[in-house]
Every structure is written in C-alpha cells, then in structure tokens.
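Read the structure below first, then the notes.
Side-chain atoms are counted along with the backbone in the values below, which use heavy atoms only and exclude waters and symmetry mates.
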Amino acid sequence: QVQLVESGGGLVEAGGSLRLSCAASGSIFSIDAMGWYRQAPGKPRELVAGITRGGITNYADSVKGRFIISRAVAKMYLQMNSLKPEGTAVYYCAADSRTSMTPGYDYWGQGTQVTVSS
C-alpha cells in the first residue's frame with residue numbers, strides 16, 4: 001500500500017555534501033516512523049537515521065553532527081554533510097506501518113547509490 005522511491009544519490013568527493021530524497025505514495029497516512037538505511041559492499045544493511053511520526057530523530061553514532069534527517073507528509077530527506085569514503089553504500093528509504101504489530105520497517109525503496117571518493 002506504500003511505495004517509496006529514493007533519489008539524489010551520486011558521486012561526491014570526500015568532504016562534500018549530498019541530499020537524498022524519498023518520495024512516498026499510496027497509503028501515505030498509514031506510515032508511522034521512517035528511516036534511512038545503507039548497505040556497503042559485503043556488509044549488512046544498517047540504520048543511518050530514523051525519524052518518528054512526531055519528528056523525533058535518531059542517528060547512528062558514525063553520522064551524528066554530519067547528517068540531518070527530516071520529513072514532510074509524503075517526503076523524507078537525508079542531508080549528508082562532510083561525507084567520508086566509508087559512507088559509500090546504497091542508501092535505502094524505509095517506512096513502518098502504523099497498523100503493524102511487529103517491529104521493524106514494512107516498506108522499502110529500491111535504493112540509491114552514494115559513492116564518496118577519497
């Protein structure tokens with residue numbers, strides 16, 4: 001019932017900035033929390049930042065002070081500053097259903113590639 005599409009990825013040099021966007025469609029009012037995950041080559045998918053329906057945010061320690069997550073009704077953003085080579089990964093938009101009684105996110109986007117050059 002919810003579709004998520006990421007955009008904004010690309011190639012950026014270390015120290016640069018990039019803003020990722022996530023557009024939600026379908027039953028957007030069924031969305032509870034949202035978040036950004038990333039998956040680097042050979043590694044599992046990991047949480048980068050999350051934001052509740054009320055706007056409360058949380059970040060992975062590795063990105064605190066550099067990344068900012070925000071959301072609107074049908075959009076979510078991840079402003080990434082001071083990018084590092086270890087930030088190279090596929091970044092995924094995710095959303096949790098407000099009616100779900102199980103933990104974790106219920107909807108996922110296809111991902112957008114972010115490559116940070118040294």
Please check if the side chain of Thr88 supplies one atom and the backbone of Val116 the other of a donor-acceptor pair under 3.5 Å. yes
So, for Ala33 and Tyr105, which heavy atoms are closest and what is the spacing to 0.1 Å? O-CE2, 3.8 Å
Can you tell me if Gln39 uses its side chain to pair, donor with acceptor, with the backbone of Glu46 under 3.5 Å? no
Please report the interatomic distance OH(Tyr59) to CG(Leu47), rounded to the nearest 0.5 Å. 11.0 Å
If you measure from CD1 on Ile68 to OG1 on Thr57, what distance do you get to the nearest 0.5 Å? 9.5 Å
May I have the step-by-step check of side-chain contact (heavy atoms from CB on, under 4.5 Å) for Arg45 and Trp108, ending in yes or no? CA-CA 12 Å; Arg45 192 173 298 182; Trp108 295 85; 3.1 Å; yes
For Thr102, enumerate each residue passing the side-chain hydrogen bond (donor to acceptor under 3.5 Å, both in side chains) test, keeping only those at least two apart in sequence or located in another chain. Ser100
Thr52 side chain to Gly55 main-chain N or O, any donor-acceptor pair under 3.5 Å? yes
In chain order, what residues pass the ring-ring contact (aromatic ring centres under 6.0 Å, His included) check against Tyr92, with sequence neighbours excluded? none
Which residues share a side-chain hydrogen bond (donor to acceptor under 3.5 Å, both in side chains) with Ser25, sequence neighbours left out: Gln3
Any donor-acceptor N or O pair under 3.5 Å, side chains Arg38, Tyr91: yes
Kindly give the heavy-atom pair with the smallest separation between Gly35 and Ile69, and that separation in Å. CA-CD1, 4.3 Å
What I'd like to find out is whether the side chain of Met34 reaches to under 4.5 Å of the side chain of Arg53, using heavy atoms alone. no
Pair listing, disulfide (SG to SG under 2.5 Å) test, anchored in residues 72-118, at least two apart: Cys22-Cys93
Quick one: closest heavy-atom pair of Ser117 and Pro85, and the distance? O-CG, 4.4 Å
Side chain to side chain contact (heavy atoms under 4.5 Å, CB included) partner of Leu78, the single match among Val48, Thr112, Leu18: Val48
Enumerate the side chain to side chain donor-acceptor pair (under 3.5 Å) contacts for residues 12-21, please, sequence neighbours excluded, ordered by first and then second residue. Ser17-Asn81
For Thr115, what residues pass the side-chain hydrogen bond (donor to acceptor under 3.5 Å, both in side chains) criterion, not counting sequence neighbours? Gln113
Value rounded to 0.5 Å, distance of CD in Glu86 from OG in Ser62: 8.5 Å
Would you say Met80 and Leu20 make side-chain contact, with heavy atoms under 4.5 Å? yes
Tyr37-Val2 co-clustered via ILVMFWY side chain contacts under 4.5 Å: no
Checking Asp106 side chain against Ser97 main chain: does a donor-acceptor pair fall under 3.5 Å? yes
Hey, do the aromatic rings of Trp36 and Phe67 have their centres closer than 6.0 Å? no
Could you check if a side-chain atom of Arg71 sits within less than 4.5 angstrom of a side-chain atom of Ile31, using non-hydrogen atoms only? yes
Can a donor-acceptor pair be found, under 3.5 Å and without considering hydrogens, that links the side chain of Tyr77 to the backbone of Ala72? no
All heavy atoms of Gly104 vs all of Asp96, minimum pair found to be O-OD1, 2.8 Å
